[in-house]
Student: 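Have a look at the structure that comes next, please.
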Amino acid sequence: MATIAFIGLGNMGNPMAANLVKAGHSVQGFDLLPENLKIAAENGVTVMAGATAAIKGAEVVITMLPAGRHVVSVYEDIAPKAGKDSLFIDSSTIDVESARKAHEIAKRHDLMSIDAPVSGGVGGATAGTLTFMAGGSNEAFARAEPILEPMAGRIVHCGEAGSGQAAKICNNMILGISMIGVSEAFVLAEKLGLSHQALFDVASTSSGQCWSLTSYCPVPGPVPASPANRGYKPGFAAALMLKDLKLAQEAAQTANASTPLGAHAAQLYNLFNAHGHGGDDFSAIVNFLRGIFPETTEAAAKKQKKDQI
Ligand code: NAD
């Protein structure tokens, strides 16, 4: 069992750290927010006074922070003070450039590192079923894999430094675009007098089939577990979808890749967020496409249910 420093104990970090404790690791945690430290302590994490204190004696350092600037700043602060054999794992979702910079900082101090962003949300973090997308050397990945296991359903080694972040933003660009596509189809079906169930029954077994339709259907009814059936409470918040679509656009610009639908999806989610829906599940974009976006999506969902009755 290892001594692990966990920096960033928010919505995701806290349940992830709790699963490491359950697996028998000794976890030394730090977060800027006292309320998050309180939850961590209740979960068996040893709460430390700062990031430097948290890495003392740690073989592994995991970060779960909001954005690239936080990760780079924390790495610059702690990498010079870290134990020589320690392994740095960053699981935050950040831009590819910052991810590569974080790897460089670690390398400068002779530390092994991987970027290992996740998909699966707070539910997956709590259940220990996250998908980790890892980027870094084979040697670093081999060391990281058993550490990630108690938090993971699946762990994929995607390639060299930054590849995990690249995989994450490419996947979420597909997701944003496909959710808009599926939503548009339901809105058109409504105008054509086709029921939600009929479209679902056909498209879910035809060439229109995709995860946004069959696992996360944006209208209530066909997939009972989808957020559409509970007032579009996240799930995966529209604000986080926008964050990931923006990261994909930044990466596309840097890499000179054409992603016109990704750009359009980012614009639509930007508008949706600007109308106060950042806290709704991202599948609530269906209400925006219906033109009822100024209402709260919860009210819109109720109205739609009433219309259907
Ligand atoms: P969060 O805001 O709840 O947690 C981030 C935590 O980092 C906060 O508690 C904050 O106080 C702390 N923090 C910021 N700067 C710090 C510093 N210098 N030192 C110590 N702590 C610091 O966010 P979250 O939802 O837990 O997400 C974390 C990361 O995971 C983000 O990059 C996010 O995009 C990604 N992610 C989130 C989800 C999700 O569903 N919430 C899903 C997949 C990936």
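What you see is a predicted model; the values in this text were computed from it and never measured. Scope of the values below: all heavy atoms of this structure, side chains included, with no hydrogens, waters or symmetry mates. Both counts, for ligands and for their atoms, begin at 1 and track the order of listing.
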Student: Pull out every atom of ligand 1 sitting under 4.0 Å from any heavy atom of Leu33, numbered as shown with elements.
Tutor: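 By the 4.0 Å cutoff, the relevant atoms are 11 (O).
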
Student: Between the side chain of Asn229 and the main-chain N/O of Ser226, is any donor-acceptor distance below 3.5 Å?
Tutor: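 Indeed, once roles are kept as given, a pair shorter than 3.5 Å links the two residues.
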
Student: If hydrogens are left out, which of Met16, Met64, Arg69, Met12 has an atom nearest to atom 38 (C) of ligand 1, that is, the closest non-hydrogen atom?
Tutor: Met12

Student: Would you mind checking which non-hydrogen protein atom is closest to atom 11 (O) of ligand 1, with the distance to 0.1 Å?
Tutor: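 Nearest protein contact, heavy atoms only, for atom 11 (O) of ligand 1 is Asp31 OD1, 2.7 Å.
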
Student: Quick one: does ligand 1 sit under 4.0 Å from the side chain of Leu65, the backbone, both or neither, non-hydrogen atoms only?
Tutor: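 Leu65 to ligand 1: contacts from backbone and side chain alike.
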
Student: Among all protein heavy atoms in this structure, tell me which lies nearest to atom 4 (O) of ligand 1, with the distance rounded to 0.1 Å.
Tutor: Gly10 CA, 3.3 Å

Student: What is the nearest protein non-hydrogen atom to atom 40 (O) of ligand 1, stated with its residue, atom name and distance?
Tutor: Gly121 CA, 3.5 Å

Student: Please report whether the ring centroid of Tyr216 lies less than 6.0 Å from that of Phe282.
Tutor: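 They qualify: ring centres under 6.0 Å apart.
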
Student: Around atom CD of Gln209, are there more than 12 heavy atoms from other residues, nucleotides or ligands closer than 6.0 Å?
Tutor: yes

Student: When you measure from atom 35 (C) of ligand 1 to every protein heavy atom, which one gives the shortest distance, and what is it?
Tutor: Thr93 OG1, 3.5 Å

Student: Near Ser92, which atoms of ligand 1 are under 4.0 Å from a heavy atom of that residue?
Tutor: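 Taking each heavy atom of Ser92 in turn, ligand 1 has 32 (O) under 4.0 Å.
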
Student: Which of the atoms in ligand 1, numbered in the order shown and given with their element, are less than 4.0 Å from a heavy-atom of Lys243?
Tutor: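 This gives 31 (C), 32 (O), 33 (C), 34 (O) as the contact atoms.
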
Student: Nearest protein heavy-atom contact for atom 2 (O) of ligand 1: which residue, which atom, what distance?
Tutor: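 Nearest neighbour among protein heavy atoms for atom 2 (O) of ligand 1, to 0.1 Å: Pro66 CG, 4.6 Å.
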
Student: Indicate, with yes or no, if the rings of Phe288 and His277 have centres closer together than 6.0 Å.
Tutor: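 Here the rings of His277 and Phe288 have centres that are no less than 6.0 Å from each other.
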
Student: Could you list which atoms of ligand 1 come closer than 4.0 Å to a heavy atom of Phe30?
Tutor: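 Numbered from 1, ligand 1 contributes 19 (N), 20 (C).
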
Student: Taking atom 9 (O) of ligand 1 as the reference point, report whether a protein heavy atom occurs under 4.0 Å from it.
Tutor: yes

Student: Just distances here: any N/O of Asn11 and N/O of ligand 1 closer than 3.5 Å?
Tutor: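 Such a contact does occur with ligand 1.
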
Student: From atom 15 (N) of ligand 1, work out which of Thr131, Leu32, Val118 has a heavy atom at the shortest distance.
Tutor: Leu32

Student: Would you indicate which of Ile7, Ile39, Val74 comes nearest to atom 18 (N) of ligand 1 when only heavy atoms are counted?
Tutor: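 It is Val74 whose heavy atom sits nearest to atom 18 (N) of ligand 1.
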
Student: Would Lys38 and Glu42 pass as an ion pair if we require N to O under 4.0 Å?
Tutor: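 Answer for the salt bridge query: yes.
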
Student: Are any side-chain N or O atoms of Asn43 and backbone N or O atoms of Val45, one a donor and one an acceptor, separated by less than 3.5 Å?
Tutor: no

Student: Establish whether atom 21 (N) of ligand 1 and some protein heavy atom are separated by less than 4.0 angstrom.
Tutor: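 Yes.
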
